[in-house]
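As structure tokens, the structure follows; a few thoughts come after it.
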Amino acid sequence: MKELRRTSAMDTMHEMLEITGPATATLPVGDGCSPITVIGTDPIRQSFGSQTFQQAINSRLAPGVSQVVLNPDAHVGYGAPVGCVMVSPTHVYPGPVGVDIKCSMSLLQTDLPESEIADWKMRRRVIQAIAKRVPTGAGRGQRHVPKSRSVDGPLGFQVATEGASKSVLKKLGIPKSWASRCEDASHTAPDGSVDTLAARLEWMGRERDKRDRLESKFRQLGSYGGGNHFGEAEVVSLSEKQYFRSIGEQWGLRDGCVAFLSHCGSRGFGHDLAMSQFRAMKAHFQSNGLAFPAGDPQLCYAEADSPEGQRYLCDMAMGANFATVNHMLINQLVLESFREVFPGIRGELVYFISHNIARQEPVDGRLQWVHRKGATRALPKGHEQLVGTEFEATGHPILLPGNPRDGSSIMVAQRGAAASAFSVNHGAGRQLSRTKAKKNLNQTVIDQNLLDHDVISNCRVYPRDEAPDAYKDFAEVLKSVTKAGLADEVARLKAKFVLKDGAPADD
DNA sequence: ATGTAC
């Protein structure tokens with residue numbers, strides 16, 4: 001009965017879609033609003049449930065919103081779908097940034113030829129070397145980063161307020177050149193001041209127990225966490241098309257060599273900041289008798305220049321700074337791990353890019369808050385935001401995790417990305433809920449399937465709710481991006497081993 | 001996503 005109702009609602013939504021191209025459609029929302037842009041081939045459009053569409057519509061009709069884009073990886077999220085872009089010239093929305101502030105991808109390219117890790121024994125040694133430096137997992141049982149690299153109170157304050165500044169990178173033994181490989185190395189308060197953040201963080205840690213909690217979160221710097229976060233060794237295959245191959249080479253990609261892809265965010269620190277902001281903003285709505293958009297408290301908002309908006313932007317900046325340095329430290333620790341097994345190898349950060357953040361960007365001729373919730377910035381060559389950076393002549397790398405069986409992709413934006421507020425998806429997108437995946441997917445089949453594809457992991461058994469088949473068909477997702485004219489593939493990544501939160505392997 | 005949360 002429940003299923004039937006859901007299906008008919010979905011059919012209605014799909015009937016409302018106006019197909020505008022091979023992988024583009026629009027969803028009208030009425031009220032004189034421009035329609036939602038939907039990116040995806042027909043099979044991808046069929047993967048969107050009614051609740052995903054409803055969240056997109058709620059987001060589009062919310063105050064101050066000028067544009068919403070639904071990407072091929074879209075599924076139900078907090079207030080707004082994961083896999084969407086929400087644009088507003090005036091308002092900021094914590095829900096459409098997400099719980100894990102500045103959850104991001106990063107890629108480290110080494111000069112190690114793939115043949116060096118053909119042997120499982122070598123891979124196991126690297127896995128062990130990484131696992132002892134970079135913990136996975138969350139919650140009470142989580143291990144911490146090694147004492148020698150653990151971040152204390154004062155350094156934690158500096159990380160949160162400065163991000164990947166020269167001083168922070170130096171203290172953590174991270175090459176300073178990596179800062180220019182970040183989408184943003186540092187985030188400040190809206191007034192441009194580091195002191196505003198410092199004052200706010202000082203206020204947050206004003207009581208002993210609060211300070212202790214902050215410091216315990218700082219000690220998580222250099223860790224992956226759980227859920228869909230991972231670290232993965234890859235073999236790089238550059239595109240066979242000379243134009244894209246050349247872009248990959250300019251970015252520092254090495255065909256046939258090992259690279260390391262990481263997915264993680266701001267850990268418990270960002271979570272605490274996001275949660276306390278949700279609580280504060282909801283309380284503000286209730287005490288002022290304000291109505292939540294579509295009645296959904298998860299879509300609470302503030303005008304960017306109101307006191308509430310400014311406080312949110314400060315906290316988002318601090319969470320973002322933590323996530324940035326977390327990725328930088330993880331990449332340095334991963335490089336050290338590889339060097340323990342293969343002395344003398346070299347490694348460079350290719351890029352670090354977020355998929356959970358709001359950035360002020362020029363869209364349709366004015367500065368707007370672009371909320372990317374499970375969406376990746378996609379600026380083509382020559383874009384005004386890239387002027388003066390190392391990516392001006394090429395566009396920046398777009399790091400798209402697929403799954404460890406079918407691979408991941410590195411893309412570059414095309415001019416057509418203007419149609420999606422210069423954004424693409426952030427990965428494959430979940431197609432089965434965690435509950436359904438655990439119930440319907442067979443453990444033996446998952447593990448054998450990965451072995452058949454020559455992928456090993458730190459886990460005795462691969463987490464079922466993270467299995468490749470819990471996610472959408474990555475090939476169809478990529479086809480949607482290229483057919484919609486948003487981006488093209490520069491390189492393909494083939495996984496060789498994965499580190500995830502799960503039951504550790506016995507050896 | 002997260003020392004979940006009832």
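In what follows, chains carry the letters A, B, and so on, assigned in the order in which the sequence lines appear, proteins first and then strands, with residues in each chain numbered from 1.
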Specify the separation, in whole Å, of atom OH of A:Tyr224 and atom C1' of B:dT2.
19 Å
Can you name the residues that form a ring-ring contact (aromatic ring centres under 6.0 Å, His included) with A:Phe269, not counting sequence neighbours?
A:Phe218, A:Phe322
Atom-to-atom span, CZ of A:Arg267 to P of B:dT2 - whole angstrom
5 Å
For the pair made of CG in A:Asp501 and P in B:dT4, what is the distance, rounded to whole Å?
14 Å
Describe the nucleic acid contact of A:Gly265 in one word from base, sugar-phosphate, nothing, applying a heavy-atom distance below 4.0 Å.
nothing
So, A:Glu466 and A:Arg434, do they make that salt bridge, N to O below 4.0 Å?
yes
Nucleotide B:dT2, atom C1' - distance to CD1 of A:Ile101 in whole Å
12 Å
Figure out the CZ/C1' separation between A:Phe278 and B:dT4, and round it to whole Å.
15 Å
Nucleotide B:dT2, atom P - distance to CG of A:Leu214 in whole Å:
17 Å
Touch class at under 4.0 angstrom, heavy-atom based, for A:Gly226 against every strand present
sugar-phosphate
List for me each residue that meets ring-ring contact (aromatic ring centres under 6.0 Å, His included) alongside A:Tyr312, sequence neighbours excluded, and say none if there are none.
none
Could you check whether A:Arg213 pairs with A:Asp209 (Lys NZ or Arg NE/NH1/NH2 to Asp/Glu carboxylate O, under 4.0 Å)?
no
A:Lys102 NZ to B:dT2 C1': how many Å, rounded?
20 Å
Report the distance from atom CZ of A:Phe269 to atom P of B:dT2, rounded to the nearest whole Å.
15 Å
